[in-house]
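Report on one structure; see the data block that follows.
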Amino acid sequence: MASSKSSFLDKVLGRMGRLDHEGLQTVVQRLARERSFLETLFNTIEDGVLVADEHGRIVYFNEAVTNLLGLKTQDAEGQPVKRYLPELDWKELSARDRAGGPQVVRHEFEVNYPRHRFLRMYAAPLDGEAAGSSGVALILHDATEARQKTFEAIESERIQALTLLAASVAHEIGNPLNALHIHLQLMERELRKLKQAAANPGRVSLAPPKRPRSAATPSGADSREIAARLENYLAVAKGEIARLDYIVTQFLQAIRPTPPQKKLVSLNDIAHETIALLRPEIENRGQTIEEKLARQLPNAPLDPGQIKQALMNLLKNAMQAMTNGGVLAVQTGSGADGVWVSIADTGCGIPPEQLNRIYEPFFTTKKKGSGLGLMIVQRIVREHGGLIKLESHVGQGTTFRIWLPLHERQQRLLEAHWHD
């Protein structure tokens with residue numbers, strides 16, 4: 001259609017000086033039919049089509065734009081496009097158009113009038129690749145429903161994750177509860193012996209005799225044995241209660257995260273403070289720690305408490321991965337748009353078949369681990385808009401690297417991509 005129209009216009013322009021009144025009328029009628037056809041075509045598509053001139057003023061829009069942005073024909077024509085699309089960077093778009101070349105810009109943003117929508121916009125120059133500017137065509141696609149489906153899918157995944165988490169918590173809590181039940185029964189048995197001994201001092205022995213003894217009053221040795229057993233049972237019970245408290249605390253931190261309270265701070269300071277807290281334990285294990293903190297590291301918007309918690313979890317994992325001494329290295333650095341910190345150990349490493357599961361709730365390779373530490377680390381990093389990477393080799397060690405952005409992400413204007 002476009003090639004035939006172009007050919008028709010070329011012929012008309014070439015014969016313009018030789019057209020009589022009837023010929024010119026025929027040309028006008030055909031152009032009117034062409035325009036009517038194109039307007040009908042544009043008004044039947046669901047996507048909005050808006051044309052702005054080189055000054056950014058609206059010269060045409062179809063009915064879909066009326067529905068998406070609430071434009072009215074008598075009011076909108078000739079108005080600046082920024083009035084209806086405030087998120088659009090017209091200066092940059094116009095500069096790209098004047099520069100020429102094959103390029104299309106893509107924006108995603110929200111509008112609140114005439115109702116709340118999420119729009120995806122594609123912009124292309126009217127004159128194609130030519131330098132200069134004759135205006136820009138904007139294609140507006142309503143992505144509200146697609147975005148809502150994405151949110152619903154994410155929410156469904158969250159519910160499934162919580163269901164898995166709850167089942168895992170029930171399983172993890174069951175073990176210490178079972179141990180508590182057994183040891184409370186043992187304590188009850190010992191207390192029953194003490195009561196029987198008090199009621200029948202001449203008949204009941206407080207402990208199973210190792211050698212024949214006369215049925216006399218209970219000896220002091222028997223009382224000491226019962227006291228020792230009770231003390232041991234109490235110690236086990238207290239340990240299991242502490243384990244329960246740890247599991248519940250980790251669980252709450254994983255499912256009820258606190259939004260990060262960001263402020264401009266030095267990642268070096270956070271890393272140094274965390275190392276200072278754990279240094280006595282590291283040295284007590286016979287391990288060596290190496291600090292390789294970058295000089296002049298730029299400040300970044302971080303929550304110091306949460307980042308310290310993430311580093312502490314990773315450092316403790318690294319310490320526990322090294323059973324006989326070992327070297328733990330903490331390094332920081334920066335790039336064009338972010339800062340990073342890495343924690344490396346010389347431990348046993350993680351088998352390849354387990355790498356994809358280490359962020360799963362309650363999956364752990366440690367005897368006394370909760371399996372929630374890395375899940376919490378991952379959540380903290382994501383809340384900061386960062387990334388976490390892992391490299392591990394069995395028998396050589398593991399390295400975690402956290403990257404954190406230097407700038408806050410835009411909340412309304414999501415992204416803009418230029419394609420050449």
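- The side-chain contact (heavy atoms from CB on, under 4.5 Å) test applied to Arg192 returns Glu188, Arg189, Gln196, not counting sequence neighbours.
- Note: Gln378 CD to Ile402 CD1 = 10.5 Å, rounded to the nearest 0.5 Å.
- For the atom pair CG of Leu177 and CD1 of Ile182, the computed distance is 11.5 Å after rounding to the nearest 0.5 Å.
- When the side-chain contact (heavy atoms from CB on, under 4.5 Å) test is applied to Val265, the partners found at least two apart in sequence or on another chain are Lys263, Ile270, Leu302, Pro304.
- The stretch residues 266-287 participates, sequence neighbours left out, in these salt bridge (Lys or Arg N to Asp or Glu O under 4.0 Å) pairs: Glu273-Lys308, Arg279-Glu291, Glu281-Arg285.
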Subject >> Derivation and outcome, side-chain contact (heavy atoms from CB on, under 4.5 Å), residues Leu85 and Phe109 >> reply: CA-CA 9 Å; Leu85 295 173; Phe109 50 82; 3.6 Å; yes
Original post:
Can you list the steps and then say if Leu88 with Met121 is a side-chain contact (heavy atoms from CB on, under 4.5 Å)?
Top reply: CA-CA 10 Å; Leu88 179 64; Met121 185 199 74; 3.5 Å; yes
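- Side chains of His384 and Asp303 form a contact here, defined as non-hydrogen atoms less than 4.5 Å apart.
- Of all the heavy atoms in Pro298 and Val339, the pair that sits closest is O-CG1, 3.8 Å.
- Here the NE2 atom belonging to His107 is positioned 6.5 Å from the CG atom belonging to Asp89, to the nearest 0.5 angstrom.
- The main-chain N or O of Ile350 is found under 3.5 Å from a side-chain atom of Ser392 such that the two form a donor-acceptor pair.
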**OP:** Check the pair Ile307, Leu404 against side-chain contact (heavy atoms from CB on, under 4.5 Å), reporting the backbone distance first and the verdict last.
**Re:** CA-CA 10 Å; Ile307 297 300; Leu404 300 162; 4.0 Å; yes
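- In this structure, the separation between OH on Tyr84 and CD on Gln79 is 5.0 Å, given to the nearest 0.5 Å.
- We find the CG-CG distance between Leu68 and Leu140 to be 6.5 Å, quoted to the nearest 0.5 Å.
- Closest approach of Trp90 and Ala52 over heavy atoms only: CH2-CB, 4.1 Å.
- Listed by first and then second residue, the salt bridge (Lys or Arg N to Asp or Glu O under 4.0 Å) pairs involving residues 49-66 amount to none (not counting sequence neighbours).
- In this structure the side chain of Glu225 never reaches within 4.5 angstrom of the side chain of Glu190, judged on heavy atoms.
- With sequence neighbours excluded, the residues that form a side chain to side chain donor-acceptor pair (under 3.5 Å) with Thr332 are Asn268.
- The shortest side-chain heavy-atom distance between Ile139 and Val49 falls under the 4.5 Å cut-off.
- Contact annotation: the side chain of Thr274 never approaches that of Ile343 to less than 4.5 Å [non-hydrogen atoms, C-beta and beyond].
- Remark: Glu145 engages Lys149 in a salt bridge (Lys or Arg N to Asp or Glu O under 4.0 Å) (not counting sequence neighbours).
- Applying the ring pair (Phe, Tyr, Trp, His ring centres under 6.0 Å) definition to pairs two or more places apart or across chains, those involving residues 177-197 are His183-Tyr233.
- Closest heavy-atom contact between Leu387 and Val381: N-CG1, 3.4 Å.
- By the 4.5 Å heavy-atom criterion applied to side chains, Asn317 and Val377 are not counted as neighbours.
- Among all heavy-atom pairs drawn from Leu71 and Val65, the shortest one is CD2-CG1, 3.9 Å.
- Shown here for Leu311 and Ala271, the closest heavy-atom pair between the two residues is CD1-CA, 3.9 Å.
- Residues passing the salt bridge (Lys or Arg N to Asp or Glu O under 4.0 Å) test with Arg382: none are found, sequence neighbours excluded.
- Proximity of Thr398 to Asp345: side-chain heavy atoms (C-beta onward) are separated by under 4.5 Å at one or more points.
- Residues passing the side-chain contact (heavy atoms from CB on, under 4.5 Å) test with Ser342 are Gln331, Trp340, Thr399, Arg401, sequence neighbours excluded.
- Side-chain N or O atoms of Gln287 include one that pairs as donor or acceptor with a backbone N or O of Met322 at under 3.5 Å.
- Closest non-hydrogen pair, Pro114 versus Asn67, comes out as CG-O, 3.5 Å.
- Rounded to the nearest 0.5 Å, atoms CG (Leu230) and CG (Leu191) are 5.5 Å apart.
- Contacts of Glu290 classified as side-chain contact (heavy atoms from CB on, under 4.5 Å), with partners at least two apart in sequence or in another chain: Lys292, Val327, Ala329.
- Shown here is Asn324, whose CG atom has no more than 12 heavy atoms of other residues, nucleotides or ligands within 6.0 Å.
- Residues satisfying the salt bridge (Lys or Arg N to Asp or Glu O under 4.0 Å) test with Asp142, not counting sequence neighbours, are Arg117.
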Subject >> Intermediate values then yes/no, side-chain contact (heavy atoms from CB on, under 4.5 Å), Leu314 and Leu374 >> reply: CA-CA 8 Å; Leu314 292 177; Leu374 287 177; 3.6 Å; yes
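- Using a cutoff of 4.0 Å between basic side-chain nitrogens and carboxylate oxygens, Arg147 and Glu110 are scored as salt-bridged.
- For the side chain to side chain donor-acceptor pair (under 3.5 Å) test, residues two or more places apart in sequence or in another chain that qualify with Asp47 are His141.
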